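So the structure is just underneath, and the comments pick up after that.
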Amino acid sequence: MSTNSNGSKLVIAGSGFAGVWAALAAARRRKQLGANVEITVVSPNAFMGMRPRYYEPDLARSKIELSYLFDPVGIEHVCDKVTGIDKAGRYLTLETGRLHYDALIWAIGSAITPPSLDGARHLFSVDTFADAEILSEHLRNLPEKFGGDHSSATVVVVGAGFTGIETATEMVSRLRETFGGTTPARVMLIEKSPTIGPDFGPRARATIATALADMGVEIRVSTTLTSITNESMTLSTGEVIQTRTVVWTGGVRADERARLIGPPADPEGRLRVDATLRVLDSENIWAAGDVAHVLVDGVHPALMSCQHAIPQGKYAGHNAMSWLTGSTMKRYAQSLYLTCLDLGPRGGLVTLGFERDDIVCSGSDGKAFKQFINTDNIYPPLDGNVESMLRAAKPPSGGRTASAFMKWMLRSRLARSSITGRAGSGPAALEEARKRGAPKRQKEARSGGV
Ligand SMILES: Cc1cc2nc3c(=O)[nH]c(=O)nc-3n(C[C@H](O)[C@H](O)[C@H](O)COP(=O)(O)OP(=O)(O)OC[C@H]3O[C@@H](n4cnc5c(N)ncnc54)[C@H](O)[C@@H]3O)c2cc1C
């Protein structure tokens with residue numbers, strides 16, 4: 001193990017939730033230890049994408065320029081794709097060259113798996129920022145391109161998990177806006193399991209089913225898609241639906257390049273890591289976010305969610321920097337788990353626990369909480385204050401937020417007042433930040449404590 005950090009290099013592959021927080025946490029730890037370590041993030045985009053918002057109609061606020069986050073704290077960004085790795089030689093192969101590392105954090109995330117069926121190229125998705133932009137553009141152009149016929153005002157969403165439900169419920173109002181009420185909008189949700197929201201418990205599913213029924217979303221369960229053209233789709237039941245828009249949301253798996261790092265630990269292709277998030281059988285590689293298979297509370301594996309990716313990024317960044325400097329690493333744990341589902345005009349649904357059936361709030365309270373998550377909670381501080389950015393990167397204590405406290409907080413009216421009372425991050429701050437430009441790099445960023 002390296003105990004001399006002089007001139008060492010920490011590389012982070014990926015700049016999503018796990019990658020960005022890993023970089024910021026490493027910068028915080030570097031400053032705390034007074035270490036001389038270069039931090040470099042490599043990813044194909046110059047922005048951090050707020051993936052949980054890609055089902056929303058307004059995408060403008062779903063990305064944050066990396067330079068705004070990284071420049072002030074001395075993190076370098078290389079805009080490129082990782083294509084390979086030489087673990088013995090300690091370098092990554094990029095599309096345009098090589099990148100040496102002493103320690104590596106793998107945070108390349110996940111992607112949906114499109115089905116292999118006739119016409120799969122006609123499917124839309126909300127998986128990446130580019131996919132979401134293509135879908136938005138397509139929806140905007142529907143009336144002009146295809147007129148107000150029923151096939152253009154019909155959207156089919158395949159997969160009734162979290163993303164499918166949120167996409168379908170949002171689609172109802174998006175279609176109404178697009179067609180201005182002239183053509184009746186039709187939204188359909190297709191699920192191969194016998195029930196919609198198969199990962200939710202029965203009470204939560206009942207709330208979701210009521211919301212979908214109220215909005216007129218048509219449901220087909222125990223059904224799959226067998227073929228698709230640019231004007232229709234065929235279901236496994238033989239039903240043919242005339243539509244110009246089929247959105248695929250199923251089969252999320254860790255990015256396939258994870259295989260370069262180690263064998264898959266689960267059917268999602270994630271990497272097995274120890275409690276410090278270091279990849280098993282590796283000395284100097286950590287994994288965080290959608291690529292890491294780790295038990296969050298000793299029992300439940302982490303979900304592919306930013307709820308787990310954000311703290312994991314902080315732990316991985318802290319630990320990789322600690323290892324490079326011969327300092328103590330921290331064990332990752334996270335006892336609280338909640339889900340927060342957007343049900344479009346019918347509000348939101350918040351559940352606590354891995355059974356996803358203990359309903360904390362729903363309706364307008366659920367919606368307010370979801371908006372708080374999507375517009376504030378998942379954003380790094382964007383107030384231009386370097387210290388608050390580094391402070392936010394501290395790995396959270398796993399047991400700090402007791403479930404009982406959280407339950408009380410969410411159930412009480414305080415939830416709403418704290419939602420409206422928070423400031424300093426989220427899109428409002430993002431607008432401000434854009435106007436202001438990147439904060440000046442702080443010369444003292446590598447000394448002193450955070
Ligand atoms: C529509 C939608 C809604 C969601 N809603 C929620 C929600 O409500 N709550 C929740 O907790 N989670 C939600 N999720 C899941 C959540 O977004 C992911 O779990 C989270 O983004 C994972 O973070 P990550 O950093 O591991 O991966 P990502 O955020 O996917 O980041 C991966 C990074 O790797 C980069 N990358 C890709 N290929 C390469 C390469 N070859 N070389 C280098 N870099 C590369 C990408 O550009 C990106 O920067 C949602 C996801 C989607 C798609």
Side-chain angles (χ1 to χ4, degrees), residues 11-23 40-56 59 62-64 66 77-85 92-96 99 104-112 124-132 135 157 159 161-168 170 247-258 260 268 270-271 277 287-293 302-314 316-317 334 337-343 348-351 369-375 377-378:
V11 169
I12 296 152
S15 61
F17 289 96
V20 163
W21 282 110
T40 301
V41 175
V42 55
S43 67
N45 298 311
F47 59 84
M48 175 189 189
M50 309 311 281
R51 247 175 125 193
R53 303 195 65 181
Y54 291 170
Y55 69 94
E56 295 182 16
L59 293 170
S62 294
K63 55 183 187 179
I64 306 167
L66 290 174
H77 180 244
V78 174
C79 210
D80 208 333
K81 264 189 187 165
V82 174
T83 54
I85 184 169
L92 292 176
T93 315
L94 311 181
E95 275 186 341
T96 62
L99 191 57
L104 173 69
I105 299 174
W106 195 259
I108 293 190
S110 61
I112 59 158
F124 292 88
S125 97
V126 287
D127 199 37
T128 66
F129 189 83
D131 295 339
L135 174 63
V157 178
F162 292 86
T163 304
I165 293 168
E166 291 188 330
T167 306
E170 186 65 45
V247 186
W248 179 266
T249 67
V252 180
R253 283 179 55 81
D255 180 89
E256 59 181 11
R257 275 160 285 247
L260 301 169
E268 286 81 41
R270 298 187 287 179
L271 296 162
L277 301 183
D290 284 2
V291 288
H293 176 104
L303 276 302
M304 288 190 178
S305 70
C306 46
Q307 184 175 171
H308 288 138
I310 294 170
Q312 282 178 21
K314 295 177 187 178
Q334 199 173 348
Y337 174 68
L338 54 86
T339 63
C340 191
L341 187 71
D342 198 339
L343 293 172
L349 172 69
V350 180
T351 68
F369 193 75
K370 178 70 184 182
Q371 278 168 351
F372 160 64
I373 299 279
N374 270 15
T375 65
N377 180 263
I378 58 173

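These numbers were taken from a predicted model, which means no experiment stands behind them. For ligands, and for the atoms within them, numbers begin at 1 and follow the listed sequence.
Under a 3.5 Å cut-off, the side chain of Trp106 and the backbone N or O of Ile108 do not form any donor-acceptor pair. Checked by atom type and distance alone, the side chain of Asn45 never pairs as donor or acceptor with a backbone atom of Phe47 at under 3.5 Å. A side-chain donor-acceptor contact under 3.5 Å links Gln307 to the backbone of Leu338. Between the Asp80 side chain and the Glu95 main chain, a donor and an acceptor come within less than 3.5 Å of each other.
In the vicinity of Ser43, heavy-atom distances shorter than 4.0 Å reach the ligand 1 atoms 43 (C), 44 (N). Within ligand 1, counting atoms from 1 as listed, the ones closer than 4.0 Å to a heavy atom of Asn45 are 47 (O). Each of the atoms 26 (O) of ligand 1 lies under 4.0 Å from some heavy atom of Gly289. The atoms of ligand 1 that sit less than 4.0 Å from any heavy atom of Pro44 are 36 (N), 39 (C), 43 (C), 44 (N), 45 (C), 47 (O). Close contacts of ligand 1 with Ala107, meaning ligand atoms under 4.0 Å from a residue heavy atom, involve 32 (C), 33 (C), 34 (O). Those atoms of ligand 1 that come under 4.0 Å of a heavy atom in Val42, given as number and element, are 43 (C), 44 (N). Near Gly14, with a cut-off below 4.0 Å to any heavy atom, the atoms of ligand 1 are 33 (C), 34 (O), 35 (C), 44 (N).
With hydrogens left out, the protein atom closest to atom 15 (C) of ligand 1 is Met304 O, 3.8 Å, a heavy atom. Residue, atom and distance of the protein heavy atom nearest to atom 23 (O) of ligand 1 are Ala309 CB, 3.6 Å. Taking atom 26 (O) of ligand 1 as the reference point, the nearest protein heavy-atom neighbour is Asp290 N, 2.9 Å. Of the protein's non-hydrogen atoms, the one nearest atom 1 (C) of ligand 1 is Thr163 CG2, 3.4 Å. Looking only at protein heavy atoms, the nearest one to atom 13 (C) of ligand 1 is Pro52 CG, 3.8 Å. Nearest non-hydrogen protein atom to atom 37 (C) of ligand 1 is Ile108 CG2, 3.7 Å. Looking at atom 40 (C) of ligand 1, its nearest protein heavy atom turns out to be Val82 N, 3.6 Å. Nearest non-hydrogen protein atom to atom 29 (O) of ligand 1 is Gly16 CA, 3.6 Å.
Contact between Ser62 and Arg53 at its shortest, heavy atoms only, is OG-CB, 3.4 Å. Closest of all the heavy-atom pairs between Cys306 and Pro52 is SG-CG, 3.6 Å. Residues Ser15 and Ser43 come closest through the heavy atom pair OG-OG, 2.7 Å.
When only interatomic distances are considered, the shortest N/O to N/O separation between Ser15 and ligand 1 falls below 3.5 Å. On a distance-only criterion, Cys306 and ligand 1 share at least one N/O pair closer than 3.5 Å. Close N/O approach between Arg51 and ligand 1 is found [any backbone or side-chain N/O within under 3.5 Å]. Considering backbone and side-chain atoms together, Ala18 places an N or O closer than 3.5 Å to an N or O of ligand 1. Between Val126 and ligand 1, no pair of N/O atoms sits closer than 3.5 Å. Close N/O approach between Glu166 and ligand 1 is not found [any backbone or side-chain N/O within under 3.5 Å].
At a 4.0 Å heavy-atom cut-off, ligand 1 touches Lys370 through the side chain alone. Of the heavy atoms in Thr249, none comes closer than 4.0 Å to ligand 1. For Met48, no heavy-atom contact with ligand 1 is shorter than 4.0 Å.
Note that CG of Leu343 is 9.5 Å distant from NZ of Lys370, once rounded to the nearest 0.5 Å.
Electrostatic pairing of Asp127 and Arg51 counts as a salt bridge here, judged by a charged N lying under 4.0 Å from a carboxylate O.
In this structure, of Phe17, Phe129, Phe162, Phe47, the residue bringing a heavy atom nearest to atom 20 (C) of ligand 1 is Phe17.
Put simply, the residue from Thr163, Asp131, Thr167, Thr249 that forms a side chain to side chain donor-acceptor pair (under 3.5 Å) with Ser125 is Asp131. In summary, of the residues considered (Val252, Leu341, Leu303), a side-chain contact (heavy atoms from CB on, under 4.5 Å) with Phe162 occurs for Leu341 alone.
Taking the six-membered ring where the residue is Trp, Tyr54 and Phe129 present perpendicular rings, their angle passing 60° and hence far from 30°.
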Practice item. Go through Tyr55 and Asp342 one step at a time and tell me if the side-chain contact (heavy atoms from CB on, under 4.5 Å) criterion holds. Key: CA-CA 10 Å; Tyr55 69 94; Asp342 198 339; 2.7 Å; yes
Practice item. Before giving the answer on side-chain contact (heavy atoms from CB on, under 4.5 Å), spell out for Cys340 and Asn374 the whole-Å C-alpha distance, their side-chain angles and the decisive distance to 0.1 Å. Key: CA-CA 10 Å; Cys340 191; Asn374 270 15; over 6 Å; no
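No donor-acceptor contact under 3.5 angstrom links the side chains of Thr83 and Thr93, judged on distance only.
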